[in-house]
Enquirer: 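Just passing along the structure, written as structure tokens.
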Amino acid sequence: MGAVYSQLSITERRKIERWRHAKVPVNEMARVLGRSRSTIFRELKRNHFSDPCLPKCDGYYGAAAQLMAAGRRARQRKLIRHPELCRRVVERLKNGWTPEQIGNRMIHEGARLRVCQETIYRYIYSKEGMAQELWWYLPTHRTARRPRRARKRQKPKFHRDVSILFRPDDVAHRRQFGH
């Protein structure tokens with residue numbers, strides 16, 4: 001089982017801001033917060049404040065970072081924001097197209113508004129897509145999505161002690177019909 005992930009809180013973001021101004025190393029920030037160092041690096045890069053009108057105010061600010069993160073979470077998904085695009089995608093799914101084919105066809109046609117296959121899969125397995133039972137139109141007909149690289153190794157079909165070298169002579173020399 002993987003670890004449970006939680007978003008950074010405003011207090012954690014303010015601590016990161018203070019430590020950043022105090023030039024505390026990212027490894028130390030991560031250790032004290034109990035987070036991965038890549039989480040801190042991603043936070044610093046993603047929520048870096050910059051304004052061309054105020055070039056001296058560039059940097060990481062906890063309150064601004066919280067607002068940017070909240071804005072990203074509140075933004076609706078593309079297929080919900082654009083119902084016409086959603087209608088075209090669902091229509092093609094119902095005609096037997098795969099999400100890969102739909103996404104690549106939109107690129108090939110040079111559509112002004114397009115989505116990638118991952119966006120289509122996320123919509124299919126979202127609350128809205130499950131209500132329409134769009135999973136049925138996928139080639140595998142799975143109601144739940146399998147995580148990537150989470151398949152278990154298949155056991156071998158034949159026992160390793162069973163070898164083709166130990167066949168009976170009649171079978172090995174094809175003396176009987178059917179061998």
Side-chain angles (χ1 to χ4, degrees), residues 1-10 12-13 16 26 29-30 33-50 52 60 64-164 167 178-179:
M1 267 291 313
V4 177
Y5 175 77
S6 62
Q7 301 285 335
L8 288 171
S9 66
I10 183 70
E12 289 175 317
R13 287 188 167 108
I16 292 172
V26 172
M29 290 184 211
L33 290 176
R35 301 283 188 156
S36 169
R37 61 190 291 268
S38 62
T39 301
I40 308 299
F41 275 117
R42 193 179 308 118
E43 175 70 15
L44 291 170
K45 182 179 179 185
R46 185 179 230 195
N47 294 323
H48 180 82
F49 176 79
S50 64
Y60 181 84
Q66 184 72 17
L67 288 173
M68 286 194 275
R72 280 193 299 271
R73 280 195 297 277
R75 200 177 315 141
Q76 285 186 330
R77 294 186 308 272
K78 198 171 196 178
L79 286 173
I80 294 176
R81 275 184 299 176
H82 304 286
E84 179 61 30
L85 177 64
C86 182
R87 188 190 60 72
R88 279 189 288 151
V89 167
V90 170
E91 181 181 307
R92 286 181 174 177
L93 272 172
K94 290 183 177 180
N95 286 336
W97 291 41
T98 65
E100 291 85 1
Q101 290 170 331
I102 296 169
N104 289 331
R105 175 50 66 174
M106 287 180 173
I107 291 170
H108 181 72
E109 291 172 349
R112 189 179 58 80
L113 196 59
R114 58 184 175 223
V115 290
C116 68
Q117 66 191 38
E118 184 61 27
T119 304
I120 297 171
Y121 275 114
R122 285 183 182 171
Y123 180 77
I124 289 170
Y125 289 110
S126 70
K127 184 175 64 177
E128 296 85 4
M130 292 304 267
Q132 298 177 38
E133 293 187 346
L134 295 177
W135 55 267
W136 178 253
Y137 300 102
L138 294 175
T140 55
H141 306 297
R142 285 204 169 86
T143 56
R145 198 167 176 196
R146 272 196 203 167
R148 296 174 88 192
R149 299 179 204 89
R151 297 189 185 107
K152 293 183 180 175
R153 178 176 226 123
Q154 296 285 329
K155 63 180 187 178
K157 291 184 180 180
F158 301 106
H159 194 269
R160 62 187 187 126
D161 293 337
V162 177
S163 173
I164 198 167
R167 292 181 293 183
H179 292 310

Enquirer: Have a look at E128 and tell me which of L134, L79, I80 forms a side chain to side chain contact (heavy atoms under 4.5 Å, CB included) with it.
Expert: I80
Enquirer: Identify whether the distance between the nearest side-chain nitrogen and carboxylate oxygen of E91 and R88 falls below 4.0 Å.
Expert: no
Enquirer: R72 and N47: which non-hydrogen atoms are nearest, and at how many Å?
Expert: NH2-OD1, 2.8 Å
Enquirer: Measuring from R145:CZ to R122:CZ, what's the distance to the nearest 0.5 Å?
Expert: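 Answer for the CZ-CZ pair, R145 versus R122, is 7.5 Å.
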Enquirer: Ignoring hydrogens and angles, tell me if any N or O in the side chain of R81 forms a donor-acceptor pair with the backbone of Q76 under 3.5 Å.
Expert: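 Pair found, side chain donor or acceptor close to backbone of Q76.
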Enquirer: Would Q132 and Y123 count as a side-chain hydrogen bond (donor to acceptor under 3.5 Å, both in side chains) if you check the C-alpha gap in whole Å, the side-chain angles of each, and the deciding distance to 0.1 Å?
Expert: CA-CA 11 Å; Q132 298 177 38; Y123 180 77; 3.0 Å; yes
Enquirer: State, to 0.1 Å, how close G96 and Q101 come at their nearest heavy-atom pair, and which atoms those are.
Expert: O-OE1, 4.2 Å
Enquirer: Enter the distance from Q66:CD to E12:CD here, rounded to the nearest 0.5 Å.
Expert: 10.0 Å
Enquirer: Under a 4.0 Å N-O cut-off, is there an ion pair linking R112 with E84?
Expert: no
Enquirer: Check whether any side-chain heavy atom of L138 lies under 4.5 Å from a side-chain heavy atom of Y125, and answer yes or no.
Expert: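 Heavy-atom side-chain distance check passes, below 4.5 Å.
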Enquirer: Residues in ring-ring contact (aromatic ring centres under 6.0 Å, His included) with H141, at least two apart?
Expert: W136
Enquirer: For R92, is the CZ atom crowded, meaning more than 12 foreign heavy atoms sit under 6.0 Å from it?
Expert: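 More than 12 heavy atoms, drawn from other residues, nucleotides or ligands, come within 6.0 Å of this atom.
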Enquirer: Which heavy atom of R13 sits nearest to which heavy atom of A69, and what is that distance?
Expert: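 Here R13 and A69 meet closest at NH2-CB, 3.5 Å.
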Enquirer: Do the side chains of V115 and H82 get nearer than 4.5 Å, heavy atoms only?
Expert: no
Enquirer: Does the side chain of I124 come within less than 4.5 Å of L93's, by heavy atoms?
Expert: yes
